[in-house]
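Reading through the structure tokens given below for one structure.
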Amino acid sequence: MRSSIAAIAAVLALSACATDGMDAPPASVAAAPNGAEPSIDTMKRLVQEMSSDAYEGRAPGSAGEEKTLALLVAEFSKLGLKPGNKGSWFQDVPLVEINAKNVSPLTFTGGKSAVSASYGPEMVVGTYRTTQPKIAIKDSPVVFVGYGINAPEKGWNDYAGVDVKGKTVIILVNDPDYEATGLTGPFNGRAMTYYGRWTYKYEEAARQGAAAAIIVHDTVPAAYGWNVVQSSWTGAQHVADSADGNAKQSSAIGWIQKDKAAVLFASAGLDLTAQMAAAKQAGFKAVPLGAVKASVSFDNDLRKHSSKNVVALLPGKTHPDEYVLYSAHWDHLGRCQAAPDGDDICNGAVDNATGTAALVALAEANVKAGPTDRSQVFLAVTAEESGLLGSAYYGSNPVVPFNQTVGGVNMDALSVAGRAKNVVVIGKGKSQLDAYLDSALAAQDRVATVEPTPEKGYYYRSDHFSFAKHGLPMLYFEGGEDLVNGGTAAGMAAAEDYTKNRYHGPKDEYDPNWDWTGVLADLKLYYTVGRDLANTTDWPNWVDGDEFRAIRDKDRAGK
């Protein structure tokens, strides 16, 4: 919910004096010595262990999951934490593993010439449907629906006046105004909204009755290269189970390379670049691709299983029925598209062995410092890489009721690029938790800054979003890009290198030469914010006007 830098600054100023039982983190709390600090030795040991080849990339439902769960339970037990789910360490998350086999090319006929996209290098395809061993799209009419957005509150509907039932829709990634220089526009300008996420686009296509939904990959608005799409969308995929087998979802969903999409549009007598420009304008009308029809087929190996969230509890002293939540996802991609050297294990060292290890390191520090007034919950969720499935399941089935949960922090991919002068807050200005972070940052002579790349939509790409949708304020920040050694140039170069060469690939591996100084500084912030929340009687809320404020207010009123 960003509109401009100035507006964000104003919101932050207001949040420091907002009501709902919170004026600001009390100075006595924020400045109080916390008695311990997270251990980098613990971090190193656990990250190296969880990202080793022995864990096979920690895919849900694999031997790597079993190893990860056993390790976390052993660590939490050793610290003296309690099983957090009615005597169990686990919350079962019903999933279906779908492995597409015998995938045909995605072909388009009926245009000036036939177009064929091969599986892997040029397109990827799959399904959310969990009871169909074979998917076959045959001669489905093709419609370009721009950004695939239906937003009545914004007066925007890319599906207006067109019936796509049984058809294949071609969709652009991100929002229509992602190229804006500022944060103003129908879809918050440069800052992505949820309408820009691929998850939304498939959801809306299904609501419109589309048989297949194909997103055009474009590196800048997608925020990653085709290598990430290929490694993430091939091999075993995990889908939330449902009573109807997700029968209301489109039969096929996937991505296509932009260059191949351009060939497709040319075969229909259209120019992709011109159509992309038209789709950015209000009043855009969907464009049928003439007589072009799409076909694709694939078999599905289906396996139902229950993956697990890990729930560990550190009981509070005086208000044990009030809770502070720490979250991180333990899963990664498992075996994936092999690197040139043949390595096909996506180890997920940074993403997210670092965040998972941080849960243990923070629990360890809190045990050493002694119990807080409120209870603390350490939640390691599954299937984040499959679309936030573990946290979404917790959100719909909370182990601890949200009206008894004060708020919390989410940790995903801690920065090993070195100490930074700043932290980047994902969703800065949305909740009163910012004031707690500002207090902790002041002790480190650091500052909080807005996202330098809001068009990448990070707010909708990690587990805090699953909790925010249910009204729970969650703080999510990343190590900043303004490094002590090298400044913003070095920080941006490190981020670009990781995204290009390691993110969702086999080379996200533990490196003994990592610089852990930034990790330690950021861990201290998570520790201080969490512990301060657990030692106050305040109930932080979203700022007035935020999209999640009404949900929180209703939840708290019904307590």
Side-chain angles (χ1 to χ4, degrees), residues 96-145 148 164-171 173 198 201-202 205-206 209-218 222 226-239 245-268 270 272 288-303 333-338 344 386:
V96 179
E97 181 184 275
I98 306 178
N99 205 338
K101 300 289 183 66
N102 305 318
V103 183
S104 75
L106 173 60
T107 60
F108 300 92
T109 56
K112 295 179 181 178
S113 60
V115 178
S116 178
S118 59
Y119 180 62
E122 297 175 321
M123 69 88 179
V124 294
V125 68
T127 186
Y128 286 144
R129 298 192 175 189
T130 60
T131 59
Q132 292 186 227
K134 186 174 183 65
I135 298 291
I137 305 295
K138 179 68 174 175
D139 294 335
S140 169
V142 181
V143 182
F144 173 57
V145 295
V164 299
K165 289 183 175 64
K167 299 177 182 179
T168 293
V169 293
I170 306 296
I171 312 170
V173 70
W198 56 264
K201 295 175 190 295
Y202 295 139
I214 307 296
I215 295 174
V216 177
H217 174 264
D218 193 354
W226 183 257
N227 61 307
V228 173
V229 176
Q230 188 172 354
S231 65
S232 302
W233 281 75
T234 54
Q237 305 291 303
H238 298 273
V239 176
N246 296 326
K248 295 179 181 178
Q249 297 297 320
S250 300
S251 292
I253 56 173
W255 296 71
I256 189 170
Q257 284 264 36
K258 182 181 178 183
D259 289 347
K260 183 61 68 170
V263 175
L264 164 63
F265 275 57
S267 77
L270 299 169
L272 176 61
L289 268 62
V292 173
K293 295 183 178 180
S295 298
V296 69
S297 65
F298 50 94
D299 299 326
N300 292 313
D301 285 346
L302 302 167
R303 179 175 69 92
L333 301 178
R335 293 191 177 271
C336 56
Q337 184 71 27
D344 69 345
S386 301

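For the pair Lys201 and Ile215, the minimum side-chain heavy-atom distance is below 4.5 Å. Side-chain contact between Trp255 and Val173 is present, with heavy atoms from C-beta onward closer than 4.5 Å. Using a 4.5 Å heavy-atom cutoff, the side chains of Val115 and Lys260 are in contact. Proximity of Asp139 to Thr109: side-chain heavy atoms (C-beta onward) are separated by under 4.5 Å at one or more points. Inter-residue side-chain proximity for Ile253 and Trp233 is flagged as met; some heavy-atom pair is nearer than 4.5 Å. Within the 4.5 Å cutoff, the side chain of Asn102 has no heavy atoms near those of the Lys134 side chain. His217 places none of its side-chain heavy atoms less than 4.5 Å from the side chain of Val124.
Taken from OG1 in Thr127 to CG in Asn246, the straight-line distance is 8.0 Å, to the nearest 0.5 Å. A distance of 9.5 Å separates CD in Gln337 from CG in Asn227, rounded to the nearest 0.5 Å. Taking NZ of Lys248 as the reference point, atom CZ of Arg129 lies at 12.0 Å (rounded to 0.5 Å). Atom OG1 of Thr130 and atom CZ of Arg303 lie 13.5 Å apart (nearest 0.5 Å). Note that OG of Ser232 and CD of Gln237 are 8.0 Å apart. Values are rounded to the nearest 0.5 Å. Between atom CD of residue Gln249 and atom CD of residue Gln132 there is a gap of 11.5 Å, rounded to the nearest 0.5 Å.
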Apply side chain to side chain contact (heavy atoms under 4.5 Å, CB included) to Leu289 and Leu264, showing your working. CA-CA 9 Å; Leu289 268 62; Leu264 164 63; 3.9 Å; yes
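Residues Phe144 and Phe265 place their aromatic rings such that the two centres sit under 6.0 Å apart.
One side chain, Ser118 or Glu122, offers a donor N or O that lies under 3.5 Å from an acceptor on the other.
Considering every non-hydrogen atom in both Ser267 and Val292, the closest pair reads OG-CG2, 4.3 Å. Taking every heavy atom of both residues into account, Thr168 and Ala294 meet most closely at OG1-CB, 3.8 Å. When every heavy atom of Asn99 is checked against every heavy atom of Ala236, the shortest pair comes out as OD1-N, 3.7 Å. Across all their heavy atoms, Gly235 and Tyr119 have their closest contact at N-OH, 4.3 Å. Taking all atoms of both residues into account, the shortest heavy-atom contact from Ser251 to Ile137 is CB-CD1, 3.8 Å.
Distance alone, capped at 3.5 Å, is enough to place a donor-acceptor pair between the Ser140 side chain and the Gly166 backbone. Trp226 places a side-chain N or O within 3.5 Å of a backbone atom of Pro121 that can act as its donor or acceptor partner. Tyr202 contributes a side-chain N or O that, together with a main-chain N or O of Gly254, makes up a donor-acceptor pair within less than 3.5 Å. Side chain of Ser250 to main chain of Ala210: a donor-acceptor pair is present (N/O by atom type, distance under 3.5 Å, no hydrogens or angles).
Between Lys101 and Asp299, no side-chain nitrogen of the basic residue sits less than 4.0 Å from a carboxylate oxygen of the acidic one, so the salt-bridge criterion is not met.
For the side chain to side chain contact (heavy atoms under 4.5 Å, CB included) with Ile98, the qualifying choice from Leu302, Asp301, Ile135 is Leu302, the only one to do so.
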